[in-house]
Amino acid sequence: AQSVTQLGSHVSVSEGALVLLRCNYSSSVPPYLFWYVQYPNQGLQLLLKYTSAATLVKGINGFEAEFKKSETSFHLTKPSAHMSDAAEYFCAVSDPTENTGKLIFGQGTTLQVKP
Amino acid sequence: NAGVTQTPKFRILKIGQSMTLQCTQDMNHNYMYWYRQDPGMGLKLIYYSVGAGITDKGEVPNGYNVSRSTTEDFPLRLELAAPSQTSVYFCASSYGGMQPQHFGDGTRLSIL
């Protein structure tokens, strides 16, 4: 069975500082991996996805993530945080052999950006 | 483009009542999903559908039912509401298994 663990339910950074949100997965097959962002009272929006192409994936709003098979990780980074990045972030995994697109989500990480 | 539209946005139910959460998408997506989001738990899949007439259970299907008679609509039915079903419900859709899902803005449901 697949699972996702996001280390740290709350992360606080200063504006302009590096953002690092951690995601580790468990899967018996190389998975598809996604990062979604949720702003208050809204649905989830896709930030970026990994589907077995390049291991370094660039997404929207300056975010990127690197798939590291040896570490079973897919951490999300952004070089310089902006106030508008404050939101909840979810890492998710799906099994490409099923072709159902079912997502298993991590618990989420709330990013706080301090001025 | 409307994308994925969920109605209602908010609802309060009494224990034992029933209701249907509506979800419609205008992107001609074959795949649709229902999730529930509880604080600190992420999102859990309730039911999904890979096309009209085809539905299947997700991680937490108990207490819910779905139908998919058209490509556009994927309603979620609660037959006997219980306090444990208090949650935020999200509907999502996608073109296929490896494609990203597009989410609605959610329905906040409280059962008292």
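To find a chain, count down the sequence lines: A is the first, B the second, and so on, and within it residues start at 1. None of these values were measured; they are calculated from a predicted model.
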**Message:** Suppose the criterion is side chain to side chain donor-acceptor pair (under 3.5 Å): which pairs have a residue in residues 70-80 of chain A, not counting sequence neighbours?
**Reply:** K78(A)-D85(A)
**Message:** Taking F67(A) as the starting point, is it possible to reach F90(A) by hopping between hydrophobic residues whose side chains are less than 4.5 Å apart?
**Reply:** no
**CD1/I12(B): more than 12 non-hydrogen atoms of other groups inside 6.0 Å** = no
**Prompt:** Are V37(A) and V11(A) joined in one hydrophobic group, where the rule is that I, L, V, M, F, W and Y side chains link up if heavy atoms are under 4.5 Å apart?
**Reply:** yes
**Asked** Cluster question for you: counting only ILVMFWY and a side-chain heavy-atom cut-off of under 4.5 Å, with indirect links fine, are F10(B) and L76(B) together?
**Response** no
**Complete:** When the 4.5 angstrom heavy-atom criterion is applied to L45(B) and chain A, the contacting part is side chain
**Asked** Does V4(B) share a hydrophobic cluster with F74(B), counting links as ILVMFWY side-chain heavy atoms below 4.5 Å and allowing steps through other members?
**Response** no
**Toward chain A, the part of M41(B) with a non-hydrogen atom under 4.5 Å** = backbone
Short donor-acceptor separations (under 3.5 Å), chain A to chain B:
{"residue": "Y36(A)", "atom": "OH", "partner": "Q101(B)", "partner atom": "N", "Å": "3.0"}
{"residue": "Q38(A)", "atom": "OE1", "partner": "Q37(B)", "partner atom": "NE2", "Å": "2.9"}
{"residue": "Q38(A)", "atom": "NE2", "partner": "Q37(B)", "partner atom": "OE1", "Å": "3.2"}
{"residue": "N41(A)", "atom": "OD1", "partner": "R108(B)", "partner atom": "NH2", "Å": "3.1"}
{"residue": "N99(A)", "atom": "O", "partner": "Y31(B)", "partner atom": "OH", "Å": "3.1"}
{"residue": "T100(A)", "atom": "O", "partner": "Y33(B)", "partner atom": "OH", "Å": "2.7"}
{"residue": "G101(A)", "atom": "O", "partner": "Q101(B)", "partner atom": "NE2", "Å": "2.7"}

**Item:** chain B contact via L46(A) - side chain, backbone, both or neither, heavy atoms under 4.5 Å
**Value:** side chain
**Item:** Largest heavy-atom contact set with chain B, pairs under 4.5 Å, which of G108(A), P96(A), G106(A)
**Value:** G106(A)
**Message:** With clusters defined by side-chain heavy atoms of hydrophobic residues (ILVMFWY) lying less than 4.5 Å apart, directly or transitively, does L78(B) cluster with I15(B)?
**Reply:** yes
